[in-house]
Amino acid sequence: MTLNRLIKLTLSILFVVLFSSKSFAAGSNIENLKVDWSFAGITGKFDRSSLQRGYQVYKEVCASCHSMQYLSFRNLGEKGGPEFSEEEVKAIAAGYEVNDGPNSDGEMFTRPGRASDKFVKPYPNVNAAMAANGGAYPPDLSVIVKARSGGANYIYSLLMGYEEKPADFVLDEGVYYNKYMEGNKIKMPAPLSDNLIEYSDGTKASLDQLSKDVTTFLTWAAEPHLEARHKTGTKVIIYLILLATLVYFSMKKIWLRVDSEK
Amino acid sequence: MSKQEDKKNRRDFLFTASYTVGAVGLGATIWPLIHQMNPDESVKALATTEVDVSQVAPGKSITVLWRGKPVFIKRRTPEEIAEVRAVDLKDLKDPQKDEDRAKNPEWLVMLGVCTHLGCVPLADKGDFKGWFCPCHGSHYDGSGRIRKGPAPVNMEIPEYEFVDSNTIKIG
Amino acid sequence: MSDHNYVPESKVGKWFNDRLPLLSLGAHLREYPTPKNLNYWWTFGGILTFCLITQIVTGIVLAMHYVAHADLAFESVEKIMRDVNYGWLIRYIHSNGASMFFLAVYIHIFRSLFYGSYKSPRELIWIIGMIIYILMMAAAFMGYVLPWGQMSFWGATVITNLFSAIPLVGESIVTWLWGGYSVDNPTLNRFFSLHYLIPFLILGLVVLHIWALHVPGNNNPVGIDIKKPSKDTVPFHPYITVKDIFALLMFMIIFAGFVFFSPNVLGHSDNYIPANPMVTPAHIVPEWYLLPFYAILRSVPDKLGGVLLMFGALFVLIILPWLDTSKIRSAVFRPLYRQFFWILVIDVLALGYLGAMPAEGTYLFLARVSTVYYFLHFLVILPVLGFLEKTDPLPASISEPVLTGGLSTSAAKSDDIK
């Protein structure tokens with residue numbers, strides 16, 4: 001293989017890798033809605049205000065059924081995320097009662113949350129969650145965006161995908177029709193609707209806005225180091241190209257000694 | 001400089017540049033491998049702890065866990081304070097005034113770890129009305145200062161502050 | 001092994017070398033005469049060594065934070081991704097590094113297939129390489145179980161269940177593998193132990209692999225024997241080292257592309273769902289590098305038959321030096337074999353694709369056709385071709401094609417840098 005072809009091959013593989021964000025898993029039949037996410041692509045970044053609004057949606061709507069057990073309150077203040085201030089994070093945490101103990105009497109007790117605590121779960125365990133939700137477990141949302149083929153586009157589509165079911169479609173009690181759910185049956189009723197909550201920053205809370213914001217928040221929750229990853233990656237690849245160039249010319253110089261003596 | 005020498009110098013520069021840039025990359029690669037052993041975010045988040053001391057009566061003490069180690073919090077009586085402040089610094093292996101160890105004299109907050117080899121000393125034991133370490137026989141006084149035995153220095157005072165009259169924030 | 005009369009310069013060096021000839025070994029590796037016409041397909045051995053070291057280093061570091069218990073494994077991986085300093089980076093390097101390792105090994109193997117590197121006197125290098133490949137697959141399979149996601153759990157269940165196909169003792173073997181009555185915590189624990197062990201077995205075998213190589217010396221694109229050292233060879237350092245480093249850097253660019261910009265594209269989203277013994281995923285698929293074997297396994301409706309055929313696919317590879325009867329090494333001079341080589345490549349890629357598809361309908365039919373062709377290639381085509389093929393005349397030396405303008409299609413063009 002010639003050098004030119006090697007370089008072309010490397011660059012074309014790299015190109016494909018960089019610009020493909022879909023997974024190769026066999027997904028559901030229908031195409032997801034596509035959003036031009038700010039975090040997509042090699043220079044992707046999170047929109048801070050969208051993250052903060054998204055957290056508000058999670059907290060006021062989703063958290064009553066869905067846990068996010070791998071997140072801690074302090075994550076809300078860390079770089080690359082919603083970046084709430086230290087006081088805001090403390091206040092958010094303190095608004096929750098957290099289980100602790102045993103105390104010196106051997107009893108478990110509750111106390112106000114601290115930044116170092118994990119997010120409070122709505123149910124103590126999976127069985128309790130299923131019992132309270134008609135036998136279906138509302139999945140933990142910490143990594144839901146990575147746990148579904150289609151990622152952020154799928155989650156967004158799902159939230160936007162509640163429609164009137166087709167006339168001949170049979171639905172049991174407590175099951176709803178969703179255009180994007182595998183099999184079109186979902187046990188969660190449409191969680192979002194226009195003006196369901198009032199955003200603290202005053203943004204109009206349309207269904208589309210709510211869905212975008214909470215999806216952005218969930219994407220950050222699944223990939224909190226996304227921005228650092230992109231930044232570091234750009235530096236690494238530029239560095240490798242630089243070093244490869246230097247080594248390439250070194251190689252040519254060295255091999256001249258062979259080609260010159262025949 | 002002859003053309004041959006000139007060429008050689010350029011070639012050497014190229015090699016030197018390659019090695020240098022390569023070494024930078026190697027160093028940048030090694031750092032994350034080392035830094036990952038440093039305390040992670042969850043450990044660093046627990047680096048401070050707040051303790052409610054409203055239930056501690058004068059003369060009593062509690063022990064709390066902070067950064068994996070015991071912290072003795074003792075509420076001293078006026079007699080204990082006076083006694084400990086009357087000690088002549090010349091008698092101390094590690095001279096330190098009690099005033100410098102307990103800014104608020106009523107409360108002694110210190111790491112309950114013997115400075116000899118790390119055992120946890122026992123309260124209200126020993127010859128100096130303080131703590132006694134059973135491992136190798138170190139005696140500490142009511143200010144946590146080493147008075148007798150192999151420990152080299154006084155028990156450590158961590159960073160702490162009173163966020164209100166009932167709560168101490170350690171760390 | 002050494003005909004060097006290497007004497008270290010320093011006194012300390014001489015003292016040390018007299019007691020343990022590491023400096024002589026170093027000199028041997030530096031001077032090792034390598035054919036000067038090696039092309040970039042020969043750089044993958046060095047790349048593979050880099051991959052092995054990367055996996056070992058990142059793996060040891062991950063093991064400082066990972067917890068091998070069914071209740072804690074998934075959470076410990078999340079902790080690595082979120083809280084450990086650079087944990088996300090080390091984890092993504094390790095998971096994508098496994099894929100890069102297999103990408104490199106497949107290119108390395110297909111290089112050997114094309115240029116006849118498995119032929120006498122290099123049969124043992126080939127067999128050691130096959131053992132390394134099998135151990136790689138074992139290590140990768142067990143490593144994938146460790147995060148304890150849905151694919152981890154169910155992949156482990158499906159593959160360990162295969163052993164029940166063995167008559168008489170099958171069920172006992174499966175129970176023994178599991179340490180229980182299903183894949184559970186005992187299974188996870190022992191997989192972690194073995195996953196940590198195997199890379200070091202591979203490391204030892206790589207030493208043997210390179211040692212066995214250094215006896216006859218490298219093969220080369222033209223496939224003819226060369227004298228070493230001679231005008232046909234160059235010392236390994238600096239000629240081959242600098243070329244290997246350059247190729248490695250290109251490889252690392254692709255590696256970095258995956259790690260930093262698409263770290264989950266080669267994986268399966270179901271593995272971000274914690275393992276649930278009550279719920280089976282809709283499609284259980286192994287990682288991409290195991291897909292061709294998965295396709296062969298599922299081609300046979302009988303469980304034992306599928307297992308035997310899957311192992312058979314490996315077996316025909318192992319005995320390849322004795323299946324290929326051609327006296328000519330390199331496909332450069334074997335016009336017919338060359339065509340069959342590329343058909344094999346397409347066949348293996350097809351098997352890989354079909355392994356990811358549901359095993360039904362047209363997919364299953366095509367998988368069966370591809371499986372049959374795979375065995376046809378090794379068991380029928382190769383032996384027969386050795387006798388029937390009219391090969392091109394070989395050049396007298398590897399320098400000759402450059403000087404005379406070449407007889408074969410891969411002769412060096414003047415702007416080629418091999």
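Proteins get letters first, then strands, A, B, ... in listed order; numbering begins at 1 in each. Values in this document were obtained by computation on a predicted structure and should not be read as measured data.
A/L246 does not touch chain C: none of its heavy atoms, backbone or side chain, sits under 4.5 Å away. Interface residue C/E75: backbone and side-chain heavy atoms are both found under 4.5 Å from chain A. With a 4.5 angstrom heavy-atom cutoff, A/A221 touches chain C only via backbone atoms. For C/F251, no part lies under 4.5 angstrom from a heavy atom of chain A.
Within 6.0 Å of NZ in C/K228 there are more than 12 heavy atoms belonging to other residues, nucleotides or ligands. Enclosure of atom OH in A/Y177 by more than 12 non-hydrogen atoms of other residues, nucleotides or ligands within 6.0 angstrom is indicated. The neighbour count for A/K59 NZ, taken as heavy atoms of other residues, nucleotides or ligands under 6.0 Å away, is above 12. Other residues, nucleotides and ligands place no more than 12 heavy atoms under 6.0 Å from the CZ atom of A/F249. More than 12 non-hydrogen atoms from other residues, nucleotides or ligands lie less than 6.0 angstrom from OH of A/Y239.
Counting all heavy atoms, side chain and backbone alike, C/V242 lies closest to A/V247 at O-CG1, 3.9 Å. For C/S269 against A/S149, the heavy-atom pair with the smallest separation is OG-N, 3.3 Å. Here the closest heavy-atom approach between residue C/Y272 and residue A/V143 is recorded as O-CG2, 3.4 Å. Considering all non-hydrogen atoms of both residues, A/I254 and C/Y239 come closest at O-CE2, 3.4 Å. The two atoms that bring A/R229 and C/V259 nearest to each other are CD-O, 3.8 Å, heavy atoms only.
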Take C/I273 and A/R148 through the test side chain to side chain contact (heavy atoms under 4.5 Å, CB included) and record every step on the way to the result.
CA-CA 9 Å; C/I273 302 173; A/R148 295 291 181 271; 3.5 Å; yes
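In this structure, OG1 on C/T241 lies 11.0 Å from CE on A/M251, to the nearest 0.5 angstrom.
For the pair C/F261/A/T234, a side-chain contact is recorded, criterion being any heavy-atom separation below 4.5 Å from C-beta on. A 4.5 Å side-chain heavy-atom check between A/I237 and C/F260 finds every atom pair outside the cut-off. With a 4.5 Å cut-off on side-chain heavy atoms, C/M81 and A/Y70 do not count as touching.
For chain C, the option among A/K231, A/E223, A/Q69 with the highest count of heavy-atom pairs below 4.5 Å is A/E223. Annotation: maximal heavy-atom pairing with chain C below 4.5 Å, among A/V126, A/I144, A/L243, A/D140, occurs at A/L243. No other option in C/I245, C/L249, C/D83 has as many heavy-atom pairs under 4.5 Å with chain A as C/L249.
Using cut-offs of 30° and 60° on the angle between ring planes, the pair C/F246 and A/Y248 is tilted.
At least one donor-acceptor pair under 3.5 Å links the side chain of A/H225 to the backbone N or O of C/R82.
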